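One structure is given here, and the rest of the page talks about it.
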Amino acid sequence: MAGAGMSADVDSGAGVGAALRWSVERDLRLALRSRSELGVQLMFYVIVVTLFPLASTPERMLLATMGPGVLWVAALLASLLSLPRLFASDFADGTLEQIALSPFPMPALVFGKILAHWLTTGLPIVLLAPLLGIQYGLDGTALWIVTLSLLIGTPILSLLGAIGAALTLGVRGGGSLLALLILPLYVPILIFGAGSADAVRAGLSASANLSLLGAGLLIALVGAPLATAASVRIALD
Amino acid sequence: MNVYQFSSPATFYPFAGWLAPWFAWSAALLAIAGLWIGFAVAPTDFQQGEAYRIIFIHVPTAWMSMFIYLVMGFWSVLALAFNTRLSAMMAQSLVPTGALMTFIALWTGALWGRPTWGTYWAWDARMTSELILLFLYFGVMALRNAIDDPRRADRACAVLTIVGAVNIPIIYFSVQWWNTLHQGASVSLTAAPRMASIMLIGMLVMAFAAWFYTIAVSLWRVQAIILERERSASWISALPGLAGALR
Amino acid sequence: MMDFLAMGGYGFFVWGAYGVTAVVVIAELSSLRARRRAAAQLAASMPHSEDLP
Amino acid sequence: MLEVLELAARRGDAVLFRRLGFRVEAGKMLVVTGPNGTGKTTLLRILAGLTLATAGRVLFRGEAVAPGSPKLRAECVFVGHLPALKDEFTAEENLSSLVELSGVRPTASQLRAVLSEVALDAQRALPARVLSQGQRRRIGLARLSLLRRPLWLLDEPATALDTTGLALLGQLIARQLAAGGAVVASTHQTLDLPPEHLEWLVLA
């Protein structure tokens, strides 16, 4: 039998690196296999951002005040829409069970999945934000600050959102329930994120907002994978 | 069984039934005393006239709304750490009352805001945080109703409550920051008329009344939850007068 | 008595606040009583066999 | 190797089983049978550490193991109802992904060899989406043959397998038992295995 010769033992200690590599590389490959879906979500972000001037006024001054807020709320909604993809298909086809039973530390596996989710949804939004910011008449510094705040903030959206996605796995009313659970937790990120560009436009420095956002990111980086792993175990119970 | 034998629902059920009326009566007496202080003893405020008397309901319920969520967080940590069903039931029994307190705080705050600032909603920092707290309560309720298996619902709600509890101070801080950034140090509810000691006493008495009320209601509700969850357990048949109106 | 109800012109707001509070508390107590009675009937109607912790 | 004491489990408020006890020695296979809904799957999921039992203990090599314990995750493999395959991945990609998830790094030749062993040579590069249930099950068998784990927990492993599949399953289990491993499987089909290695547990 071909398998006889293998005696690769499993050192679960060094498993974090292998776990991260496995989950990021696998989820990215999966996401790229269904590229069109990523495109659709990105288009959602662009459309939502484009709607607001139509709903209010094309007048530049007003748009400039609204710009950061709109870019941020649209980023929130776009990340919310893509969160079910994080665990739902693995939960449905049984791979999530095998992830829970793997010798690799589960928070590391879950963190890899969240990172892959951010790379496929959060990062494109950050790259697109400057382009859309011009639509809102944001000038150089404000544009740069909004993009920077999104760069720091969108990973937190993925991290916190992952907890909600795990809690609502296979549950009735998943989509809107996830929104109800997670949006209140997004409020501080929205305030500091959107507020950073307002601060710059009001002549203040945005460093306070961005550093608070950074602190939030650190807390989420440590806490969210643990809470998400626990939530997945609860969902598989 | 583990050391928490006495915390099994069967032994807690009669204890809750015995304890609840005491808290209910003391809550009623404290409420009467508080209202008497609020309306008869406290003087009319030179600035706001009689409208400020709403604080005797608004401030205690606002305190309670946050306190109850943190107590729910405490029970949730116990439920996850020791896997005891009773702690999860206690957390579940507090949710409706917590949401109710938050609603009352928002309602009375709006009615107090109208005469004070001329508008029912002025995006005051505390009121905005209170509104987000109401969403957190609704989130826990919605998750509870969406999951059928009681054990999974307990543990999922416990995780959500803990994550929510960790976020409450962050939300309050960020909303405070947002409020001062945009409105400057505008008149907020805290800048109510200088706290005459009689008003503080009135509010404290009402706060205790609300606290005892919450304990009584959650003890009665946890009895109902225990009956719903343990309906086929053998110790239930030993309960006196089960079919009649539950004492 | 009338001036007590008038509350120095703020009667609408003060009694609006206290009135809704009273209504909401009474609503919670009555729904709680109904839930307890339903739970009692449910438990009474079930066969009591298991003794699982 | 595996011992269960006073195990009890509930689903919702229905009690599935109570005060369940058994042992599974190395080289032995426990076949769990019984009508549907008697908790066979729940029992296997408890042993795998996925589900919490309401009472009782599970000892692995004499040591009590809690759900999700690292020891159990390193020493045991669980095959559930769902074949754990991604439709977008090909048969080979699925196999290598699952095996790497268990901490084993197979070479390409080993993958190909074991896939041809389970007669999936032609389907190697096909996306799992187009494979039949039986073929998807055989990818699971290929995974079993690649992983060296002392304890196998198989939930209805014979479902959707054709005669060659069943023969393959029997061979794999025989090899596992011969190598001193243990197997706990819930199944209705009778597998042609030497009876002295088998023990039966009927859940009523």
Side-chain angles (χ1 to χ4, degrees), chain A residues 65 69 156 159-196 198-199 201-202 204 206 208-209 212-213 215-216 219-220 222-224 226-237, chain B residues 69 73 76-77 79-81 83 88 99 102 123 125 128-184:
Chain A
T65 51
I156 312 177
L159 285 159
L160 273 182
I163 303 174
L167 284 175
T168 55
L169 266 176
V171 153
R172 292 188 303 271
S176 44
L177 177 64
L178 177 61
L180 174 61
L181 298 190
I182 287 302
L183 284 179
L185 304 178
Y186 278 173
V187 161
I189 310 165
L190 182 64
I191 287 176
F192 294 132
S196 57
D198 294 344
R201 281 187 44 263
L204 308 165
N209 294 50
L212 281 168
L213 217 50
I219 298 171
V222 171
L226 298 172
T228 308
S231 305
V232 167
R233 283 207 188 287
I234 290 169
L236 291 172
D237 180 359
Chain B
Y69 199 96
S76 300
V77 168
L80 281 184
N83 237 320
T102 319
W123 287 102
T128 313
S129 321
E130 201 71 33
L131 184 60
I132 297 165
L133 183 60
L134 187 63
F135 296 150
L136 289 180
Y137 275 110
F138 284 157
V140 176
M141 276 191 219
L143 187 60
R144 165 72 56 183
N145 297 331
I147 300 175
D148 299 327
D149 170 35
R151 183 167 71 179
R152 179 181 167 186
D154 284 350
R155 298 170 73 205
C157 289
V159 169
L160 180 64
T161 309
I162 292 169
V163 170
V166 164
N167 267 284
I168 283 184
I170 299 173
I171 290 173
Y172 270 72
F173 168 72
S174 62
V175 171
Q176 193 74 30
W177 169 290
W178 165 81
N179 186 274
T180 47
L181 196 68
H182 287 280
Q183 292 187 339

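Residue numbers start from 1 in every chain, and the chains themselves are labelled A, B, ... in the order their sequence lines are given, proteins ahead of strands. None of these values were measured; they are calculated from a predicted model.
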Task: Non-hydrogen atoms of A:Leu181 and B:Gly139 that approach each other most closely - done: CD2-O, 3.2 Å

- [ ] Please flag which part of A:Leu183 lies under 4.5 Å from any non-hydrogen atom of chain B: side chain, backbone, both or neither.
- [x] neither

Task: For B:Ala146 against A:Val171, the heavy-atom pair lying closest together - done: CB-CG1, 3.3 Å

Open item on the list: Less than 4.5 Å to any heavy atom of chain B: does that hold for the side chain of A:Ile191, its backbone, both, or neither?
Closed with: side chain

Task: Note, B:Arg152 side chain near A:Leu167 side chain (heavy atom, < 4.5 Å) - done: no

Task: Proximal component of A:Leu185, with respect to chain B [non-hydrogen, under 4.5 Å] - done: both

TODO: Might you point out which heavy atoms bring A:Ala227 and B:Val159 nearest each other, and give the distance in Å?
DONE: O-CG1, 4.5 Å

TODO: Could you tell me which portion of A:Leu212 (side chain, backbone, both or neither) has an atom closer than 4.5 angstrom to a non-hydrogen atom of chain B?
DONE: side chain

Task: Separation between CG of A:Asn209 and OG of B:Ser174, rounded to the nearest 0.5 Å - done: 11.0 Å

Open item on the list: Would the distance check show the side chain of A:Arg172 and the main-chain N or O of B:Asn145 forming a donor-acceptor pair, the cut-off being under 3.5 Å?
Closed with: yes

TODO: Give, as side chain, backbone, both or neither, the part of A:Ala235 having an atom under 4.5 angstrom from any heavy atom of chain B.
DONE: both

Open item on the list: Does any backbone or side-chain atom of B:Val175 lie under 4.5 Å from a heavy atom of chain A? Answer side chain, backbone, both or neither.
Closed with: both

Task: Min side-chain heavy-atom separation A:Phe192-B:Trp178 under 4.5 Å - done: no

- [ ] Could you check if a side-chain atom of A:Val187 sits within less than 4.5 angstrom of a side-chain atom of B:Phe135, using non-hydrogen atoms only?
- [x] no

Open item on the list: Between A:Leu178 and chain B, with a heavy-atom cut-off of 4.5 Å, which part of the residue counts as in contact: side chain, backbone, both or neither?
Closed with: neither

TODO: Hey, could you give me the CD1/CG distance between A:Ile163 and B:Leu160, rounded to the nearest 0.5 Å?
DONE: 9.5 Å

